[in-house]
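Structure, as structure tokens:
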Amino acid sequence: MRRVRYDRPGGPLFLEEASVPEPGPGELLVRCEAVGVTLPIVRKVTEAADPIALGGEIAGEVVAAGEGVTRFRPGERVTGLCFGHGYADFAVLHEAMTSPVPDDASAVDAVALVRSGLVAFGALEAARPVPGEAVLVTAAASGVGHLAVQLARARGAGRVVGAVSDPAKADFVRALGADDCIQYADDSWGDPVDCILDAVGGDLLTPALAALAPHGRLVAYSSGGGTIQAYDLLVGAKSVIGFQMALIARGRPELYEQWRQELWRLFAEGAVTPAVHAEFALEDATKAHEAIETRANLGKVVLRP
């Protein structure tokens, strides 16, 4: 089979021939039909001290099941998070991190919706929004952000604001259902909001906190870091909440499954529609990473083995 690899920090990425992996106990071997490209993986390629296996979201058909697997069998369509080599023709999924793909959804729908949608859903849950409150989403045109905008609208936000780095993304964000779209460099982010879902962090935390209304909540789910002054929270009784999807997947599997089913329901009703910026062949993985790294994407970037 083919898979994408790199042998030194920063790349380059290249295609190589490799043996088809064998599923171990509790694992599934999946023929990949779509692979989601995410910012965390792109950052690891450029920043990690040693090369990593290019894993992430995959969707495809089960071709073999390891010992002890009870929920899936060969021929079924699934999606899940691959912790090994996922940029490949075949990949291995742990049964516990795998879910079925509905008949009316494609593999591309699955990788664009499930993992990114669960992060968006969970971040919104962490913000504890009340119907009618205003919600602001940073990185609103990203794979997670564009779903967060739609979810905020579907769950009764009174006003939804998207925040982006490039004004060229504004029309895309408004078409998702945002009432307004601001740029990070704007002197003012407009009227205060009750909730902020932040995927950027770093220096953006200062203007984001300033945009929160009294008693507002900022949910940080990025790996961008950043420093917050306690006084900035005290003066408005504001809160900053950290959210990590992996903790939910590992520690609250029943909640993970509940959110997943709700996402597919909203998809079926047309309330949430994943947008795909571009589909790339495996041999063009470098171009896929560039689309993410340069923040050029409007929605999800997908590899098609």
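Computed from a predicted structure; not experimentally measured.
Other residues, nucleotides and ligands place more than 12 heavy atoms under 6.0 Å from the CG atom of D186. Counting non-hydrogen atoms of other residues, nucleotides and ligands closer than 6.0 Å to CZ of R43 gives a total above 12.
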*asked:* Show, in sequence, the C-alpha distance, side-chain angles and deciding distance for V35 and E57, and conclude whether the side-chain contact (heavy atoms from CB on, under 4.5 Å) test is met.
replied: CA-CA 6 Å; V35 180; E57 312 140 327; over 6 Å; no
(message) Using the rule given for side-chain contact (heavy atoms from CB on, under 4.5 Å), can you reason through E22 versus V92, listing the C-alpha separation, both sets of side-chain angles and the distance that settles it, and then say yes or no?
(response) CA-CA 8 Å; E22 293 284 340; V92 171; over 6 Å; no
**Request:** Take I292 and T38 through the side-chain contact (heavy atoms from CB on, under 4.5 Å) test and state the conclusion after the steps.
**Result:** CA-CA 7 Å; I292 297 289; T38 64; over 6 Å; no
Stepwise, does the side-chain contact (heavy atoms from CB on, under 4.5 Å) test hold for L298 with V173? CA-CA 9 Å; L298 302 176; V173 172; over 6 Å; no
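Contact detail for L176 and A140: the closest heavy-atom pair is CD1-O, 4.0 Å. Considering all non-hydrogen atoms of both residues, A148 and V137 come closest at CB-CG1, 3.9 Å. The shortest non-hydrogen separation linking A107 to E33 is CB-OE1, 3.5 Å. Across every non-hydrogen atom of L303 and A281, the tightest pair is CD2-O, 3.7 Å. The two atoms that bring L28 and F72 nearest to each other are CD1-CD1, 3.7 Å, heavy atoms only. Among all heavy-atom pairs drawn from V302 and A34, the shortest one is CG1-CB, 3.9 Å.
With respect to R265 and E262, a salt bridge is recorded, a charged nitrogen being found less than 4.0 Å from a carboxylate O. Between R71 and E76, none of the side-chain N atoms (NZ, or NE/NH1/NH2) sits under 4.0 Å from a carboxylate O, so this pair counts as no salt bridge. Between E283 and R2 a salt bridge is recorded (basic side-chain N to carboxylate O distance below 4.0 Å). Salt bridge present: D180 and R174 bring a charged side-chain N and a carboxylate O closer than 4.0 Å.
Taking the six-membered ring for Trp and thresholds of 30 and 60 degrees, H289 and Y87 have ring planes more than 60 degrees apart, a perpendicular arrangement.
Taking SG of C32 as the start and CE of M1 as the end, the distance is 8.0 Å to the nearest 0.5 Å. The CG atom of L93 sits 7.5 Å away from atom OG1 of T79, with the distance rounded to the nearest 0.5 Å. For the atom pair T70 OG1 and E95 CD, the distance stands at 4.5 Å (nearest 0.5 Å). We find the OG1-CD1 distance between T98 and I58 to be 7.5 Å, quoted to the nearest 0.5 Å. Note that CD1 of I182 and CH2 of W189 are 5.0 Å apart. Values are rounded to the nearest 0.5 Å. A distance of 8.5 Å separates NE2 in H146 from OG1 in T273, rounded to the nearest 0.5 Å.
Considering only heavy atoms from C-beta on, L118 comes within 4.5 Å of Y256 through its side chain. At least one side-chain heavy atom of S106 sits under 4.5 Å from a side-chain heavy atom of D109. Residues T46 and P9 are not in side-chain contact: their nearest non-hydrogen atoms beyond the backbone lie 4.5 Å or more apart. K300 places none of its side-chain heavy atoms less than 4.5 Å from the side chain of V108. Proximity of R3 to E17: side-chain heavy atoms (C-beta onward) are nowhere separated by under 4.5 Å. Contact annotation: the side chain of I196 never approaches that of V219 to less than 4.5 Å [non-hydrogen atoms, C-beta and beyond]. A 4.5 Å side-chain heavy-atom check between V164 and C181 finds at least one atom pair inside the cut-off. Using a 4.5 Å heavy-atom threshold, the side chains of K238 and V240 count as separate.
For E27 (side chain) and G24 (main-chain N/O), a donor-acceptor pair under 3.5 Å exists by modelled atom type. Under the 3.5 Å distance criterion, the side-chain polar atoms of S142 are matched with a main-chain donor or acceptor of A139. Between the side chain of R153 and the backbone N or O of G177, at least one donor-acceptor pair lies under 3.5 Å. No side-chain donor-acceptor contact under 3.5 Å links D194 to the backbone of G216.
In the hydrophobic cluster analysis, where Ile, Leu, Val, Met, Phe, Trp and Tyr join through side-chain heavy atoms closer than 4.5 angstrom, V42 is grouped together with I52. At a threshold of 4.5 Å between side-chain heavy atoms, the hydrophobic network of Ile, Leu, Val, Met, Phe, Trp and Tyr places L54 and F83 in two separate groups. Under the 4.5 Å side-chain heavy-atom criterion for grouping Ile, Leu, Val, Met, Phe, Trp and Tyr, L197 is connected to L151 within one hydrophobic cluster.
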Can you give each donor-acceptor pair under 3.5 Å made by side-chain atoms of residues 61-69, sequence neighbours left out, with the distance rounded to 0.1 Å?
none

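Take F121 and apply the ring pair (Phe, Tyr, Trp, His ring centres under 6.0 Å) test, not counting sequence neighbours, and it matches W259. For the side-chain hydrogen bond (donor to acceptor under 3.5 Å, both in side chains) test, residues two or more places apart in sequence or in another chain that qualify with E133 are R217.
A donor-acceptor pair shorter than 3.5 Å can be found between the side chains of E257 and Q261.
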